[in-house]
Amino acid sequence: MDALRRLVSIEMGVSLFPEFYARSEIPERGEVVLREIDGCSLTRAISFAWIKGSSRSAQYHLLFDECLPAITQTRQRQGVDV
């Protein structure tokens with residue numbers, strides 16, 4: 001995201017940023033202008049990623065299995081299909 005912010009700051013385009021990143025990394029009175037999109041509730045997909053054949057693949061699978069119930073509960077509370 002820092003690379004995208006930098007490209008925007010040197011007038012190489014525009015970008016969409018997650019709110020948390022924008023609030024924490026882009027100063028209010030800096031070179032990049034932020035505009036909230038009213039009435040627009042976007043979601044994003046996140047993924048677990050690791051190197052295929054990693055010696056830690058079993059641990060990564062366990063981590064994913066442990067996280068999945070919390071992710072499912074959060075999505076249900078937000079009214080998102082699971």
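Model, not experiment: these values are computed from the prediction. For the single chain, residues carry numbers from 1 onward in sequence order.
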List the atom pairs, with distances to 0.1 Å, where a side-chain N or O of residues 48-70 and a protein N or O form a donor-acceptor pair under 3.5 Å, not counting sequence neighbours.
| from | atom 1 | to | atom 2 | distance (Å) |
| --- | --- | --- | --- | --- |
| S54 | OG | R56 | N | 3.1 |
| S57 | OG | S54 | N | 3.4 |
| S57 | OG | S54 | O | 3.0 |

Legend entry - Whichever hydrophobic residues join V33 through chains of side-chain contacts under 4.5 Å: none
Inset, instruction - Could you note down all residue pairs passing ring-ring contact (aromatic ring centres under 6.0 Å, His included) where residues 20-44 supplies at least one of them, sequence neighbours left out? - result: F17-Y21
Legend entry - Side-chain hydrophobic cluster, 4.5 Å single linkage: members besides V14: none
Inset, instruction - Find out if a path of hydrophobic residues (ILVMFWY) with successive side-chain heavy-atom gaps under 4.5 Å connects M1 to I26. - result: yes
Inset, instruction - Sequence neighbours left out, what passes side chain to side chain contact (heavy atoms under 4.5 Å, CB included) with R77? Give chain and number order. - result: Q73, T74
Inset, instruction - Kindly state each residue pair satisfying salt bridge (charged side-chain N to carboxylate O under 4.0 Å, His left out) with at least one member in residues 5-21, sequence neighbours excluded. - result: D2-R5, E19-R23
Legend entry - Gap between atom CD of Q76 and atom CD1 of I71 - 0.5 Å precision: 12.0 Å
Inset, instruction - Rounded to the nearest 0.5 Å, what's the gap from CG on L4 to CG on L16? Could you check? - result: 10.0 Å
